[in-house]
Structure formats: C-alpha cells, structure tokens
Undergrad: 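One structure coming up, written as structure tokens, with questions to follow.
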Amino acid sequence: MRSFSRRGFLAAGAATLAATQFPIRAFGQAAAPLRLAATRRTLDIDGRAATVFGLAGPGGQGLVLDPGQRFRVDLDNDLPVPTIVHWHGQIPPNAQDGVPDMPRPLLAPGETRSFDFASLSGTHWMHSHVPIQEMQLLAAPLIVRRPEDVAADRQEVVLFLHDFSFKAPEEVLAEITGGHGTAASGAMPGMGHGGMHGGAGTAGSMAMPMDMGTMGGMAMDLNDYDWDAYLANDRTLSDPEVVPVERGGRVRLRIINAAAATVFWIDTGTVEGQLVAVDGHPVRPLAGSRFGVAMGQRLDIEIDLPNEGGAWPVLALREGARERTGIVLATPGAAVARIDALAERAAPAFDTDLAQEANLVGIDALPERPVERRHMIMLGGAMQPYAWTIDGAVWGKHRPIAAKSGERVELAFHNMSMMGHPMHLHGHAFQVVGINARRFAGARRDTVYVPPMSMVTVALDAGEAARWMLHCHHMPHLATGMMTEFRVEA
C-alpha cells in the first residue's frame with residue numbers, strides 16, 4: 001500500500017505497511033540527515049524478473065517529509081556506475097541541483113554526498129539526471145506535506161508512473177534514433193565520462209481534444225517507442241496494487257509521471273475527482289474524471305468515495321494508444337475484477353488545444369510587476385532524422401538564455417515540431433501566463449507541456465545567479481541534446 005492516513009482503520013495493517021516499497025509516512029524532524037541510496041532492485045513484471053535502479057529511503061522508495069522539514073539527506077551511490085540525482089520541483093542552491101558538471105560531478109560508486117536546503121511543499125519527485133538511468137527507473141517520489149495535509153481527514157495515495165523496457169536503455173535509444181540524432185555532438189553533461197553508459201486534460205464533462213494523432217489535418221508524432229510495460233507503483237495491471245480505503249472516505253491521489261517518453265491520461269472512472277494541485281502548486285479545484293499528465297508533471301486529485309463498499313480503478317491511459325496501467329482503491333472485502341492491460345480503444349492525444357492548461361487557475365500566483373526581459377524559445381525537430389533542438393541547436397552548441405537575478409522574465413515556448421515537449425526549468429517555479437495569443441493567470445508549475453504548433457508563455461522571477469538547466473523532459477529528446485541553459489547573472 002503506497003498511502004498514509006490519520007485514519008485509525010489502517011493501524012491493523014502496520015505489518016503490511018512496513019514491507020511496502022513506496023513511502024508511507026513522514027519521518028519527523030530527525031537530528032541526523034535522512035539516508036537515501038541509489039541502488040539496484042528486482043521487480044516482477046508480468047512474471048518476468050527485471051533488475052532496475054531505485055532510490056531507497058527510510059520507508060521504501062522515495063521520501064515523505066513533514067511540514068517545514070528541511071531537506072537534509074545523505075545520498076549514497078550503491079550502484080556500480082557513477083550517478084547524480086535531481087530534486088525535481090525543489091529549488092536548492094545551484095550546487096545541490098543534481099545536474100552532471102553543473103557545477104558538481106557525478107557521484108562515483110561508493111561515494112556519499114550531503115544535501116541541506118529548505119524544502120518546498122507539494123508533490124514532487126527525484127530522479128537521475130543521466131537519461132538512460134531514469135529509463136532504468138532511477139527515480140522515486142518526494143512528498144513534502146503541508147500543515148493542512150496533516151490536519152485533513154483524508155487518506156493520501158501516491159501513484160508513481162513509469163514506462164519500462166527489458167532491453168538495455170542504450171539499445172532502446174538506438175532503436176528510437178534509428179542511427180540518427182546521436183548524442184555525439186549534443187550529449188548532456190556527464191555522458192562523456194561514464195554517465196551515458198553507466199548503466200481533461202480536460203475535466204470529464206468537457207470535450208476531448210482533436211482526433212487522436214492529428215492536429216488541423218496534420219499527423220502528430222506520438223509515442224516514439226513501444227515499451228514492454230507501463231508501471232503504476234512498479235506493477236502492471238496483471239497484478240495491480242490494491243489500496244484499502246474506507247467507505248465514504250476522501251482520498252488525495254498524488255500522481256507523478258516519471259515515464260521516460262509517455263504522456264498519460266488519468267481516468268478515475270465512475271468516481272469524479274477534483275484536480276487541486278499541479279507540480280506541487282495549488283490550483284482552483286477543477287472537477288472531472290479524466291486529466292492529462294506529461295512527463296515530469298504531477299497532479300493532485302481529490303476523490304470522495306461512495307458510502308457503499310466497492311472497488312474503484314484509477315487508470316493511466318497511454319496517449320494515442322490502448323495500453324494502460326493503474327491501481328485499485330477498494331474497501332475491505334470488496335471484489336476486485338481483473339482489468340485488461342489493453343483498453344477497447346485508443347486514448348486521444350493529450351491537450352492538443354491546451355484546453356486543460358487553459359482551465360487551470362493558480363492560487364499562489366506571482367505578484368504583479370512589470371516584465372523586464374522576454375525570450376522567444378523555439379522548439380524544433382523531427383522523427384527522421386531523429387533530432388530535437390532548442391533555438392535550432394543541441395546542447396554543446398546552445399546559446400544560453402540570459403537574465404539577471406531578481407528580474408521578472410517571460411519565456412515564450414514556441415513549438416514548431418509535430419511532437420509535444422514537456423519543458424522543465426530547474427531552480428525556479430514559473431506561472432503560465434499565455435497560450436498562443438491569449439493572456440491569462442494560469443497555474444504555477446516547473447514543467448509545462450507545449451503541444452505541436454503551439455506557444456505557451458510562462459513568467460518567473462529569476463533566482464540565484466547560476467547556470468540552470470532548461471530542457472525537454474522526454475528522455476530520448478534530452479539524451480540527443482534537447483537542452484539549453486537559463487543563465488542568471490548577478
């Protein structure tokens with residue numbers, strides 16, 4: 001069970017909780033730092049053993065922190081290869097951000113590195129910033145609870161999503177690129193010294209986006225790899241996690257899309273939910289039963305369960321395809337029906353018209369102030385040859401995006417390719433302020449999805465003077481160089 005609750009009915013399951021893989025509780029304001037280990041583990045995926053990576057904390061995969069608890073962590077590299085971990089959604093000092101050689105090198109096997117910074121509340125995650133290692137599941141939840149989370153009479157459930165291949169990630173990348181767009185000239189930092197080879201939308205009541213895989217009559221590029229499995233909390237629908245819940249209880253789903261290259265629709269089925277936060281930031285509640293989540297993004301959905309007993313699947317549907325994964329919420333003694341891993345029909349493409357993003361209203365909006373600097377950032381590329389660029393360049397040939405610390409900056413992401421790009425900025429939380437020609441006060445985020453032939457504008461206040469990574473969170477795109485830097489000067 002990947003959940004934690006103040007409700008007493010779960011106390012009898014304490015022995016079961018102790019054996020779970022994902023974090024289930026906060027660990028208090030311990031005097032000593034928490035220990036986190038990058039390590040290997042073995043999963044049973046549809047009856048076949050798979051050796052993968054992971055991030056093991058005191059209570060399982062990942063960490064859950066108390067309200068106001070500092071992120072004080074000693075990270076051990078128990079892997080036989082160098083690695084480094086990025087704290088996605090947090091804003092640490094630049095030296096602790098976890099990007100190879102920006103500015104600190106990879107951790108050698110057996111090395112320990114300490115981290116200490118003020119944590120940001122919300123649903124976040126942590127992952128290796130070597131693309132092939134994230135493809136090997138070197139990632140885990142990072143939950144920082146708010147005081148209201150502790151006080152609320154509700155159960156919290158983490159839903160951690162991944163795509164998975166039994167093949168080595170190098171082989172997967174070779175198949176995806178087809179011999180084109182290799183990382184030779186555009187490799188991200190760390191790949192040249194062991195890193196690379198180290199191992200809805202819219203609410204349910206609203207209309208769905210355009211026909212699957214098309215946009216204004218043009219073909220979109222979706223799902224450039226067919227993975228062997230799609231995982232929810234390390235399991236497939238052949239043996240899904242069944243989370244015990246109360247009749248009439250309230251559940252807060254903390255959903256994290258840790259997939260390398262898969263956008264999902266979250267379908268709550270017969271129980272309608274309310275989207276209450278994105279990327280760890282609260283939004284005006286948006287009701288529905290289907291919401292989209294791109295790679296790197298997070299959703300918090302609250303569900304009020306019926307007063308009668310039963311089982312309620314929460315499914316993650318692969319965009320543009322029939323594959324799905326998920327978990328089941330079930331009251332004690334409820335019958336849990338088998339769920340096929342293939343839906344009857346394919347899910348549509350995600351948010352091609354940006355309807356979901358346009359309906360999000362941030363509660364923690366940026367204060368009003370004049371914009372002092374604007375940048376248009378062009379996103380480009382194609383499947384053949386497999387090459388993806390920012391402002392026409394790959395990493396190593398990139399032109400930094402400049403700002404000064406304290407400036408209000410707007411970044412307009414203009415996607416001129418036929419594939420969507422989830423764009424993630426390190427060291428900052430931004431606010432979506434424009435979609436195409438429309439201006440509005442949208443959600444606060446750290447990762448924004450930019451569909452084909454669209455423009456999304458975000459605003460932020462430039463932070464610490466340093467080199468901050470800005471990249472597409474589609475791992476094959478990142479691995480082939482779709483990255484630049486947001487260079488902040490004093």
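Note that these values count all heavy atoms, side chains included, but never hydrogens, waters or copies made by symmetry. Along the sequence shown, residues are numbered consecutively beginning with 1.
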Undergrad: Hey, mind stepping through R41 and T51 against side chain to side chain contact (heavy atoms under 4.5 Å, CB included) and telling me if it holds?
TA: CA-CA 6 Å; R41 57 204 176 102; T51 299; over 6 Å; no

Undergrad: Closest heavy-atom contact between D163 and A260?
TA: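 The pair with the smallest heavy-atom distance is OD1-N, 2.8 Å.
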
Undergrad: Is the shortest distance from a Lys or Arg side-chain nitrogen in R146 or D66 to a carboxylate oxygen in the other one below 4.0 Å?
TA: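 No.
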
Undergrad: How many angstroms lie between NE2 in H127 and CE in M135, if you round to the nearest 0.5 Å?
TA: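 Answer for the NE2-CE pair, H127 versus M135, is 14.0 Å.
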
Undergrad: Can you check side-chain hydrogen bond (donor to acceptor under 3.5 Å, both in side chains) on S114 and D74, steps first, answer last?
TA: CA-CA 4 Å; S114 296; D74 287 341; 2.7 Å; yes

Undergrad: ring-ring contact (aromatic ring centres under 6.0 Å, His included) with H88: which of H426, H424, H471?
TA: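 Passing option: H424.
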
Undergrad: Find out whether M295 and L161 are in side-chain contact, i.e. whether some heavy atom of one side chain is under 4.5 Å from a heavy atom of the other.
TA: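 A side-chain contact is absent here, since even the closest heavy-atom pair is not under 4.5 Å.
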
Undergrad: Should R445 and E357 count as an ion pair when the cut-off is N to O under 4.0 Å?
TA: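 Salt bridge flag = yes for E357 with R445.
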
Undergrad: Going through the distances and angles, do W468 and H428 end up as a ring pair (Phe, Tyr, Trp, His ring centres under 6.0 Å)?
TA: CA-CA 9 Å; W468 297 101; H428 298 77; 5.8 Å; yes

Undergrad: State, with a plain yes or no, whether a side-chain heavy atom of R145 is found less than 4.5 Å away from one of E156.
TA: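 A side-chain contact under 4.5 Å exists here.
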
Undergrad: Show the numbers, then the answer: is there a ring pair (Phe, Tyr, Trp, His ring centres under 6.0 Å) between F71 and W87?
TA: CA-CA 10 Å; F71 186 89; W87 320 107; 4.8 Å; yes

Undergrad: Distance from H281 atom NE2 to T123 atom OG1, nearest 0.5 Å?
TA: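 So the gap between those two atoms works out to 10.5 Å.
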
Undergrad: A quick test of your reading: do over 12 heavy atoms of other residues, nucleotides or ligands sit less than 6.0 Å from CZ of R284?
TA: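 No, because the 6.0 Å sphere around CZ of R284 holds 12 heavy atoms or fewer from other groups.
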
Undergrad: Starting at CG of L142, measure out to CZ of R254 and round the result to the nearest 0.5 Å.
TA: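 The distance works out to 10.5 Å.
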
Undergrad: Go through the steps to decide whether R318 and D226 satisfy the test salt bridge (Lys or Arg N to Asp or Glu O under 4.0 Å), and finish with yes or no.
TA: CA-CA 11 Å; R318 182 189 183 206; D226 289 327; 2.9 Å; yes

Undergrad: Can you list everything that forms a side chain to side chain contact (heavy atoms under 4.5 Å, CB included) with E302? Sequence neighbours excluded, please.
TA: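 Side chain to side chain contact (heavy atoms under 4.5 Å, CB included) check on E302 returns R154, R250, R252, V276.
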
Undergrad: Could you tell me whether R113 atom CZ has more than 12 heavy atoms of other residues or ligands within 6.0 Å of it?
TA: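 Yes, the 6.0 Å shell around CZ holds more than 12 heavy atoms from other groups.
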
Undergrad: Will you find, in the side chains of Q133 and T83, an N or O donor that is under 3.5 Å from an N or O acceptor?
TA: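 Yes, side-chain donor-acceptor contact under 3.5 Å.
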
Undergrad: A side-chain contact here means heavy atoms from C-beta on lying under 4.5 Å apart; do N94 and P103 qualify?
TA: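 In short, these two side chains touch, coming nearer than 4.5 Å.
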
Undergrad: Identify the two heavy atoms, one from L34 and one from L63, that lie closest to each other, and give their separation to 0.1 Å.
TA: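 Closest heavy-atom pair between L34 and L63: CD1-CD2, 4.2 Å.
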
Undergrad: Using salt bridge (Lys or Arg N to Asp or Glu O under 4.0 Å), reason through E407 and R373 one step at a time and then give a plain yes or no.
TA: CA-CA 7 Å; E407 282 185 331; R373 195 183 296 251; 2.8 Å; yes

Undergrad: Test salt bridge (Lys or Arg N to Asp or Glu O under 4.0 Å) on R35 and D76 and set out the steps.
TA: CA-CA 7 Å; R35 298 207 71 87; D76 303 324; 2.6 Å; yes

Undergrad: Give the C-alpha distance, both sets of side-chain angles, the deciding distance and a yes or no for ring pair (Phe, Tyr, Trp, His ring centres under 6.0 Å) between F164 and Y230.
TA: CA-CA 6 Å; F164 171 78; Y230 299 87; over 10 Å; no

Undergrad: Within a strict 4.5 Å, meaning less than it, do heavy atoms of the C472 and P422 side chains meet?
TA: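 Sidechains of P422 and C472: in contact.
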
Undergrad: CG of N77 to CD of E111: how many Å apart, nearest 0.5 Å?
TA: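 One finds 7.5 Å between CG of N77 and CD of E111.
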
Undergrad: Taking atom CG of L138 and atom CZ of F53, what is their separation to the nearest 0.5 Å?
TA: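 Spacing of CG (L138) from CZ (F53) equals 7.0 Å.
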
Undergrad: Please report the shortest heavy-atom distance between S128 and V130, naming the atom on each side.
TA: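 Here S128 and V130 meet closest at OG-N, 3.1 Å.
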
Undergrad: Would you check, one step at a time, whether the test ring pair (Phe, Tyr, Trp, His ring centres under 6.0 Å) holds for H473 with W125?
TA: CA-CA 13 Å; H473 223 285; W125 64 304; 5.6 Å; yes

Undergrad: For the pair F264 and R324, evaluate side chain to side chain contact (heavy atoms under 4.5 Å, CB included) and give the outcome as yes or no after the intermediate values.
TA: CA-CA 9 Å; F264 291 102; R324 58 188 180 181; over 6 Å; no

Undergrad: How about H375 and E410: does a side-chain donor come under 3.5 Å of a side-chain acceptor?
TA: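 No - no donor-acceptor pair under 3.5 Å links their side chains.
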
Undergrad: Taking only Lys NZ, Arg NE, NH1 and NH2, and the carboxylate oxygens of Asp or Glu, determine whether D116 and R70 approach each other closer than 4.0 Å.
TA: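 Counted as a salt bridge, because a side-chain N and a carboxylate O are separated by less than 4.0 Å.
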
Undergrad: Looking at D97 and R467, is there a salt bridge between them, counting it only when a charged N and a carboxylate O are closer than 4.0 Å?
TA: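 Between D97 and R467 there is no salt bridge, as every charged N stays at least 4.0 Å from the carboxylate O atoms.
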
Undergrad: Of all heavy-atom pairs between A429 and I91, which one has the smallest distance, and what is that distance?
TA: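 Shortest heavy-atom contact: N-CD1, 3.9 Å.
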
Undergrad: Could you grab the distance from atom CD of E241 to atom CG of N233, nearest 0.5 Å is fine?
TA: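 The distance works out to 4.5 Å.
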
Undergrad: Step by step, would you call T457 with V432 a side chain to side chain contact (heavy atoms under 4.5 Å, CB included)?
TA: CA-CA 6 Å; T457 303; V432 178; over 6 Å; no

Undergrad: I'd like to check L354 versus V456 (side-chain heavy atoms, cut-off strictly below 4.5 Å). Are they in contact?
TA: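 Contact flag for L354/V456 side chains = yes.
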
